[in-house]
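Read the structure below first, then the notes.
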Amino acid sequence: MTVAMQTNLHPAWLPADAFRAIGSRRTVISATTSDSPLIDTVYAEVRAACYRFGGTVTRSSVDDDTDLMLRLTSEPGGLGDEGYSVGRADGITTVTADGPAGLLYGLFHLVRLGGSAFTGDPVTDDRATRTHRPAVRRRMLNHWDNVDVNPLMGQIERGYAGGSIFWRAGALTDDLDRLRTYARLLAATGINAITVNNVNVGRTEARLLTDRLDDVATIAAIFRAYGIALHLSVSFASPMVLGGPPTADPLDESVRAWWAATTARVYDAVPDFGGYVVKADSEGQPGPFAYGRSHADGANMLADALAPYGGVVHWRAFVYNHRQDWRDRSTDRARAAYDHFAPLDGQFHDNAILQVKYGPMDFQAREPVSPVIGAMPATRLAVELQVTQEYTGHQLHVCYLGPLWSEVLGFRFDGDGDGPFTGDAGSTVAGIAEHGGSLVAVSNVGDDPFWCGHPLAQANLYAFGRLAWEPAADPVVLLDEWISLTFPADTVDDPALVRGVLHAMMDGSWRTYERYTAPLGVGFMVRPADHYGPSVDGYEYTQWGTYHFADRDGVGVDRTRAAGTGFAGQYPKPWADVYESIADCPDELLLFFHHVPYGHVLRSGSTVIQHIYDTHFAGADEAATMREHWQRLADAGLDPALYARVADRLDEQVRSAREWRDQINTYFFRKSGVPDAHGRRIH
Ligand code: GCW
């Protein structure tokens, strides 16, 4: 195989220069298995780098001139399928792995190290051997891409980077090089699983499972070369849609037989197929409720069909009543996933993984961690994050999400939660996902030349993969890694300036976004349908269960056990008590759990209304400052198209942040009648 490099495409975190250190040296690849496509990939990667930078690569044995040895052990040495070790002695840097995937990940580790991979202790030049293993078994990206253009949602549901890289108006893309380039980028972050179609499965998309399997096999072959297993989103009603039995009842023998036979054909076409992802009984998708069956019945049926081949089903827990009456105060969408799934703990088969969104609502910029994640110790769980910026600015706003995810992954259900994540993973969200489960995120990639619409949104994709491999990693360090790779020092005029500006813009950008949008965890003040820009009451009288209950006296949702919906009681102690108490509830979640008067004094000492004004003025100012920072790079030698793209989007971010500021402040001023203590202009 050859290593794909497309010149019209932004190279993201793998510009040619990232391979300079490896490509200018003498490498030996020592692997007794010669028939692994992953070893071929490693070889092709190093060869392409050497071609460019003058080094050499052989598959023979080490000699006096060797700088780098990439070595597959003949006996497993405890590194696992994907682990590797890196060390240096006698002037040779050595990567050792038990399996081909480990060697590939080890190679990308060297890419991250750059030149420093070939230096050791100043005196001995040695470097102690360190071992690296992924924390989580499956590190998966879900693409919400439609094969046919959907009349409402387009080619990609919640996509902000152009069309799909997989599908174009009903057909498989003819740009397979682009898929190769994508697979390579993902492997470099540690991603090892992917879905290529939306969880809302339409008629055409359903057929990927049967008569469009060829397309699936074509994509799978490309991703296989980079250690990434293909999974498919499937419709629960597939038998009915695809000419099988006239029912989808999971306990009906003919339905079970249909899934078994269909799955067997999938594995004939794609022997290393990963499995199914299912959105059932959710926002109109079919599911087991229609037959009076439980979600464990539904998931287990698919798990059983996949089990003979080692496949898994990711069964989504995003099940709630999306036809709620806003007048009905007894129904709380936040409660729904727990109410549906917690009682099923222990009933899911071993290869059924329950995929839970990180928060109880829907990917808001601030939500508490979903209590489902802490409530199902006898179930394998996948935690779902959203890289695509559905509620965080549509890749028009700079919003580096690494810190949000890191907070979520480090949240401890056993209570000790506020401190920094120590890596003692037991009861953390990451620790729970590590227990045979997965970390999953919805991708932000499309056919845009910068992959993600906003060039800086690439950092989110990068950080997700890296955090899935190492959840305890510091997100700012990961951002720094991304900056080093994406803007290599020899390719920009003033690397320190570039690094400084990007950190100044991005490190705190999620909190900035939080400041100028919905306050104190209340969420959903977005424009309905497209979810961009402010619309404070846009969702207030809808069927979606997303309300803030602002009136002249106060705002927020009472989710206490004592007087509200009881959602706070879905957490184990101490969180059930912390969230129940107005005094103890963290400020940033106050309005998620409590309805309080505008004059309520926060833990910070500010009143709720003054906090709203202050954060919205500050957030919009911070957006303007981001733009000023970027302007300092106007002559820094960046790719002019990239500079211009970011500059344009920053103009929109500044405009939009002001719009948010003014609408939110004006709304609450009009409701409360309380003036800003600092007399700033509120309309
Ligand atoms: O956030 C919501 C989105 C839907 C999406 C759904 C889900 C794929 O608005 O577009 O559908 O979540 O996660 O299933």
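On a predicted model such as this, the values are computed, not experimentally measured, just so you know. Both counts, for ligands and for their atoms, begin at 1 and track the order of listing.
- For ligand 1, the polar-atom distance check against K279 finds a nitrogen or oxygen pair separated by under 3.5 Å.
- Of all protein heavy atoms, the one lying nearest to atom 9 (O) of ligand 1 is E390 OE2, 2.6 Å.
- For the pair I373 and L381, the tightest heavy-atom approach, listed with the atom from each and the gap, is O-CD1, 3.4 Å.
- Every atom of ligand 1 with a heavy atom of D362 under 4.0 Å away is listed here by number and element: 1 (O), 2 (C), 12 (O).
- Among protein heavy atoms, atom 4 (C) of ligand 1 sits closest to E157 OE2, 3.4 Å.
- Ligand 1 lies less than 4.0 angstrom from a heavy atom belonging to N198.
- Y579 has its ring centre no less than 6.0 Å from the ring centre of H594.
- Between the side chains of S443 and Y182, at least one donor N or O sits under 3.5 Å from an acceptor N or O.
- Heavy-atom distances between E384 and ligand 1 stay at or above 4.0 Å for every pair.
- Between H548 and Y667, the ring-plane angle classifies as perpendicular under the 30° and 60° cut-offs.
- Proximity to H531 (heavy-atom distance under 4.0 Å) selects the following atoms of ligand 1: 9 (O).
- No donor-acceptor distance shorter than 3.5 angstrom exists from the side chain of Q155 to the backbone of G162, with no hydrogens or angles considered.
- Annotation: cation-pi pair R329/F549 present, NZ/CZ under 6.0 Å from the ring centroid and within 45° of its normal.
- Considering backbone and side-chain atoms together, N200 places an N or O closer than 3.5 Å to an N or O of ligand 1.
- Among protein heavy atoms, the minimum distance from atom 6 (C) of ligand 1 is reached at E283 OE1, 3.3 Å.
- Considering both main-chain and side-chain atoms, R158 comes within under 3.5 Å of ligand 1 through a nitrogen or oxygen pair.
- The ligand atoms of ligand 1 that sit less than 4.0 angstrom from a heavy atom of F318 are 6 (C), 7 (C), 12 (O), 13 (O), 14 (O).
- Between Q355 and the choices K279, E384, R380, H314, the side-chain hydrogen bond (donor to acceptor under 3.5 Å, both in side chains) rule is met once, by E384.
- In V199, the part holding a heavy atom less than 4.0 Å from any atom of ligand 1 is the side chain.
- Between the side chains of Q570 and D339, at least one donor N or O sits under 3.5 Å from an acceptor N or O.
- Side-chain N/O atoms of E390 and Y160 include no donor and acceptor closer than 3.5 Å.
- Residue-ligand proximity, K357 to ligand 1, at heavy-atom distances under 4.0 Å covers atoms 1 (O), 2 (C), 6 (C), 7 (C), 12 (O), 13 (O).
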